[in-house]
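For reference, the structure discussed in these notes is given below.
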Amino acid sequence: MSKIKIVFYLALAFIFYKGFVAFQNFEIGVDDRVADIEEKADFEKQGEVIGLMMYLGDPPELFEHLLTKNKSRCLEMKQIAEESSSAYYECARVNAVLKGRKIVSIINEIEVIE
């Protein structure tokens, strides 16, 4: 009788484990799947994001922009870029037109992040 209980508990634990893994994979992968679908469908949306801006010229004009995950990652990337380039960089919270995981165009800067 005790062997049957052990097998039952192991089967129950396995079912809970599989349910947990399935739920976790669904939660983690949804953002990436949505971004892939939007990118393939040429779907553009407007949103507030944090981006690394690159300025060139005199007077400085926006030359390039890069979407970043958060403020700390943007500041890390800014430091690395400034060490290896003569361009001016800044991290900013901006309203932008997004396509997938890329910034298509900047509408306006909300604030510069220091």
Measure the CG-OG1 distance between Leu75 and Thr68 for me, rounded to the nearest 0.5 Å. 8.5 Å
Give the cluster check for Ile113 versus Val94: same hydrophobic cluster or not, with ILVMFWY residues linked at side-chain heavy-atom distances below 4.5 Å. no
Cluster check Phe8, Phe16: I/L/V/M/F/W/Y, side chain < 4.5 angstrom: yes
Should we count CD of Glu111 as having more than 12 external heavy atoms under 6.0 Å? yes
Residues which pass salt bridge (Lys or Arg N to Asp or Glu O under 4.0 Å) with Lys45, listed by chain and number, not counting sequence neighbours: Glu38
Ring pair (Phe, Tyr, Trp, His ring centres under 6.0 Å) contacts touching residues 93-114 (sequence neighbours left out): none
Selection residues 9-18 - residue pairs positive for salt bridge (Lys or Arg N to Asp or Glu O under 4.0 Å), sequence neighbours left out: none
Restricting to pairs with a member in residues 90-114, which pass ring pair (Phe, Tyr, Trp, His ring centres under 6.0 Å), not counting sequence neighbours? none
Residues two or more places apart in sequence or in another chain: which of them pass side-chain contact (heavy atoms from CB on, under 4.5 Å) with Asn70? Ser72, Arg73
Sorted by chain and number, sequence neighbours left out, salt bridge (Lys or Arg N to Asp or Glu O under 4.0 Å) with Lys78 holds for none
What residues, two or more places apart in sequence or in another chain, satisfy side-chain hydrogen bond (donor to acceptor under 3.5 Å, both in side chains) together with Glu48? Arg93
Starting from Leu52 and following side-chain heavy-atom contacts under 4.5 Å between hydrophobic residues (I, L, V, M, F, W, Y), which residues can be reached? Met54, Leu56, Phe63, Leu66, Met77, Tyr89
Give every residue pair that meets the disulfide bond (SG atoms under 2.5 Å apart) criterion with at least one member in residues 76-114, sequence neighbours excluded. Cys74-Cys91
Rounded distance [0.5 Å steps], CG in Leu67 versus NZ in Lys99: 14.5 Å
Pairs meeting criterion ring pair (Phe, Tyr, Trp, His ring centres under 6.0 Å) with involvement of residues 92-114, two or more places apart: none
Let me check something: any side-chain donor-acceptor pairs from residues 102-110 under 3.5 Å, sequence neighbours excluded? List them with distances.
residue : atom : partner : partner atom : Å
Asn108  : OD1  : Asn95   : ND2          : 3.1
Glu109  : OE2  : Tyr55   : OH           : 2.6

Leu10 meets the side-chain contact (heavy atoms from CB on, under 4.5 Å) criterion, sequence neighbours left out, with Ile6
